[in-house]
Amino acid sequence: MATLKEILTRRPISATIRLTVDAGAAKPGPPVGPALGQYKLNSMAFCKDFNARTQKFKAGTPMAVTITAFKDGTFDFMVKSPSVTWYLKQAAGIDLGSGRPGHVTASTLTLKHVYEIAKIKQSDPFCQYMPLESICKSIIGTANSMGIKVQKELD
């Protein structure tokens with residue numbers, strides 16, 4: 001339970017903004033500028049901070065960002081790793097999944113690929129307490145829904 005001091009020092013939140021921005025390529029133009037501008041946030045400061053936090057990722061990697069805008073004009077943001085579908089497409093070397101998953105196979109991956117993706121996703125705030133096996137099962141389900149077949153070993 002929160003103490004009285006914590007309750008009194010909380011800043012009122014005006015909005016929560018969710019964006020997908022390429023790693024290291026945030027610019028004050030669209031889509032970042034208009035999304036932050038309507039809450040009177042400094043988009044240039046966000047771009048500098050975001051690019052500094054995502055410089056370790058490969059350029060062009062789509063990163064999910066959750067920005068919390070406060071009423072006093074300040075903001076805080078959390079960067080998540082790319083989506084599982086993006087990792088699966090990169091590992092399989094395809095641009096799109098199958099149009100008819102379950103009937104047409106778009107590509108094939110091994111369990112080793114799934115394990116590596118699960119290790120990366122385990123660092124996300126929402127997955128950090130999940131067992132690796134559960135994350136792997138979720139990734140296999142996503143791969144099946146995209147028409148990507150998961151095998152023990154490639155033939």
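Predicted, not measured: the structure shown is a model, and the values here were computed from it. Below, all heavy atoms of this structure are taken into account, side chains as well, without hydrogens, waters or symmetry copies.
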Step by step, would you call Y115 with L132 a side-chain contact (heavy atoms from CB on, under 4.5 Å)?
CA-CA 8 Å; Y115 176 74; L132 203 58; 3.1 Å; yes
Does any part of the side chain of P101, heavy atoms only, come nearer than 4.5 Å to the side chain of S145, both counted from C-beta?
no
Side chains of V65 and T20, heavy atoms from C-beta outward: is any pair under 4.5 Å?
no
Taking [X] for its side chain and [Y] for its backbone only, find out whether a donor-acceptor pair lies under 3.5 Å.
{"X": "D22", "Y": "M63", "answer": "no"}
{"X": "T61", "Y": "F57", "answer": "no"}
{"X": "D124", "Y": "F126", "answer": "no"}

Please step through side-chain contact (heavy atoms from CB on, under 4.5 Å) for the pair T66 and I17, ending with a clear verdict.
CA-CA 6 Å; T66 304; I17 307 161; over 6 Å; no
Going from [atom1] on [X] to [atom2] on [Y], what distance comes out if it is rounded to the nearest 0.5 angstrom?
{"X": "K121", "Y": "C136", "atom1": "NZ", "atom2": "SG", "answer": "13.0 Å"}
{"X": "D72", "Y": "R11", "atom1": "CG", "atom2": "CZ", "answer": "6.0 Å"}
{"X": "S43", "Y": "F75", "atom1": "OG", "atom2": "CZ", "answer": "9.0 Å"}
{"X": "H113", "Y": "E116", "atom1": "NE2", "atom2": "CD", "answer": "9.0 Å"}
{"X": "N144", "Y": "M146", "atom1": "CG", "atom2": "CE", "answer": "11.0 Å"}
{"X": "I135", "Y": "Q128", "atom1": "CD1", "atom2": "CD", "answer": "10.0 Å"}

Flag yes if [X] and [Y] sit in one hydrophobic cluster, no otherwise; membership is Ile, Leu, Val, Met, Phe, Trp, Tyr, and two members link when side-chain heavy atoms are under 4.5 Å apart.
{"X": "Y39", "Y": "F50", "answer": "yes"}
{"X": "F70", "Y": "M78", "answer": "no"}
{"X": "I120", "Y": "L109", "answer": "yes"}

Quickly, which of T85, T105, T142, I94 forms a side chain to side chain contact (heavy atoms under 4.5 Å, CB included) with I148? Name it, please.
I94
Paired with Q151, the side chain to side chain contact (heavy atoms under 4.5 Å, CB included) test is passed by just one of L111, T110, T108, namely T108
V84/S138 under side-chain contact (heavy atoms from CB on, under 4.5 Å): CA gap, chis, key distance, verdict:
CA-CA 9 Å; V84 171; S138 173; over 6 Å; no
For [X] and [Y], work out which heavy atoms get closest and say how close.
{"X": "G73", "Y": "L41", "result": "O-CD2, 3.4 Å"}
{"X": "N51", "Y": "G24", "result": "OD1-C, 3.1 Å"}
{"X": "S98", "Y": "V104", "result": "OG-O, 2.8 Å"}

Report all side-chain donor-acceptor pairs from residues 86-93 shorter than 3.5 Å, counting only partners two or more places apart or in another chain.
none

Can you confirm if the aromatic rings of F46 and F77 lie within a centre distance of less than 6.0 Å?
yes
Does K137 come within less than 4.0 Å of E133, counting only side-chain N to carboxylate O?
yes
If we ignore angles and hydrogens, is there a donor and acceptor under 3.5 Å between the side chains of T68 and D76?
no
